[in-house]
Amino acid sequence: MTKIILLGYMGSGKSTIANLLSEKTQIRVCDLDKIIEERVGMSVKNIFDQKGEIYFRKLEHQIFKELISSDEQMILSLGGGTPCYANNHEMLNGSNIISFYLKASIETLFSRLLSIKDNRPLIAEQEKEEMKEYIAKHLFDRSYYYNQATHVVVVDNQSPEEVVSAISKILA
């Protein structure tokens with residue numbers, strides 16, 4: 001198995017789980033958003049603000065394709081929207097790829113995102129009341145793409161270590 005892909009809505013724990021899983025497996029982590037930020041030399045939020053979402057999604061697709069095509073073994077943490085654009089969901093189950101949808105409830109996502117919303121371009125400007133509704137609608141819209149993952153791991157009421165343990169059992 002060459003690539004382990006983690007996907008899910010923002011706040012589902014992709015980066016945290018990727019790093020813990022990397023410690024356990026000794027497989028290198030690649031965070032798609034961080035790679036994009038390094039290449040462009042600005043944060044995802046600034047890319048959205050200055051260059052627009054279409055520019056971001058094209059670059060995201062190109063880099064995702066590059067990473068999937070490489071021969072390198074990796075744990076790849078995707079951005080929340082990555083599977084939903086440019087047919088990226090079709091790359092979640094290729095040969096030597098195993099993907100995990102870190103599934104979180106609206107309540108879990110809302111509570112996790114409330115304190116860090118300023119760093120998230122899609123919810124930064126929203127009031128508390130509209131943010132929960134936005135998450136619910138967005139999650140509904142994206143669920144088809146997220147469910148294309150090889151495996152679904154529910155993260156509600158689970159510690160990061162418990163999620164990593166569940167993923168490790170599947171990988172074993």
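One-based numbering along the sequence shown.
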Let me confirm one number: the OG-CG distance from S43 to D49, rounded to the nearest 0.5 Å. 7.5 Å
Output yes when a side-chain donor or acceptor of S12 lies under 3.5 Å from a complementary backbone atom of K103, and no otherwise. no
To the nearest 0.5 angstrom, please state how far the OG1 atom of T2 sits from the CG atom of L76. 12.5 Å
S168 side chain vs V164 backbone, donor-acceptor pair below 3.5 Å: yes
Side chain to side chain, L20 and E23, heavy atoms closer than 4.5 Å: yes
Grab the two heavy atoms, one from P83 and one from L92, that are nearest each other, plus how far apart they are. CB-CD1, 4.3 Å
Counting N and O atoms only, with roles assigned by atom type, does the side chain of K14 sit under 3.5 Å from a partner on the main chain of Y9, one being a donor and the other an acceptor? yes
Note: E72-K3 ion pair, threshold 4.0 Å (strictly below): no
Decide whether I36 and Y55 are clustered together by the hydrophobic rule: side chain heavy atoms of Ile, Leu, Val, Met, Phe, Trp, Tyr closer than 4.5 Å, transitively. yes
What is the minimum heavy-atom distance between M42 and I47, and which atoms define it? CG-CG1, 3.4 Å
Looking only at heavy atoms, which two atoms of N93 and S99 are closest? And how far apart? OD1-OG, 3.4 Å
Considering all heavy atoms of both residues, which atom of A149 and which atom of L7 are nearest to each other, and what is their separation? CB-CD2, 3.9 Å
When Y101 is tested against each of V155, V152, V153 for side chain to side chain contact (heavy atoms under 4.5 Å, CB included), which residue passes? V152
Separation between NE2 of H61 and CD1 of I63, rounded to the nearest 0.5 Å: 11.5 Å
Taking all heavy atoms of L139 and all of A104, pick out the closest pair and write down the distance. CD2-O, 3.8 Å
Tell me whether I97 shares a hydrophobic cluster with M91, the cluster being built from Ile, Leu, Val, Met, Phe, Trp, Tyr side chains joined at under 4.5 Å. yes
I27 side, atom CD1; I4 side, atom CD1 - distance, nearest 0.5 Å: 4.0 Å
Donor-acceptor check, side chain of S22 to backbone of A18, threshold 3.5 angstrom: yes or no? no
In terms of hydrophobic clustering (I, L, V, M, F, W, Y; side-chain heavy atoms under 4.5 Å; direct or indirect links), are Y145 and L6 co-clustered? no
According to a hydrophobic-cluster definition based on side-chain heavy atoms being under 4.5 Å apart (Ile, Leu, Val, Met, Phe, Trp, Tyr only), do L114 and I135 belong together? yes
Check this for me: N157, atom CG, are more than 12 non-hydrogen atoms of other residues, nucleotides or ligands nearer than 6.0 Å? no
Tell me if the CD atom of E66 is crowded by more than 12 foreign heavy atoms within 6.0 Å. yes
Worked verdict on I68 versus I5 for side chain to side chain contact (heavy atoms under 4.5 Å, CB included): CA-CA 9 Å; I68 290 293; I5 300 176; 3.4 Å; yes
Side-chain touch I98/I170, heavy atoms, less than 4.5 angstrom: yes
Could you tell me whether the side chain of E133 and the main chain of E129 form a donor-acceptor pair under 3.5 Å? no
CZ of F48 to CD1 of I54: how many Å apart, nearest 0.5 Å? 10.5 Å
Side-chain donor-acceptor contact under 3.5 Å, T82 with N88: no
Is the shortest heavy-atom distance from the side chain of K51 to the side chain of V40 under 4.5 Å? yes
What distance do K45 atom NZ and Q50 atom CD have between them, rounded to the nearest 0.5 Å? 10.0 Å
Residues I106, F140; criterion side chain to side chain contact (heavy atoms under 4.5 Å, CB included); working and verdict: CA-CA 10 Å; I106 295 160; F140 177 79; over 6 Å; no
Does any part of the side chain of I75, heavy atoms only, come nearer than 4.5 Å to the side chain of I17, both counted from C-beta? no
Ion pair check, E37 and K34, cut-off under 4.0 Å: no
Please say yes or no: joined through hydrophobic side-chain contacts below 4.5 Å, possibly via intermediate residues, are Y85 and Y146 part of one cluster? no
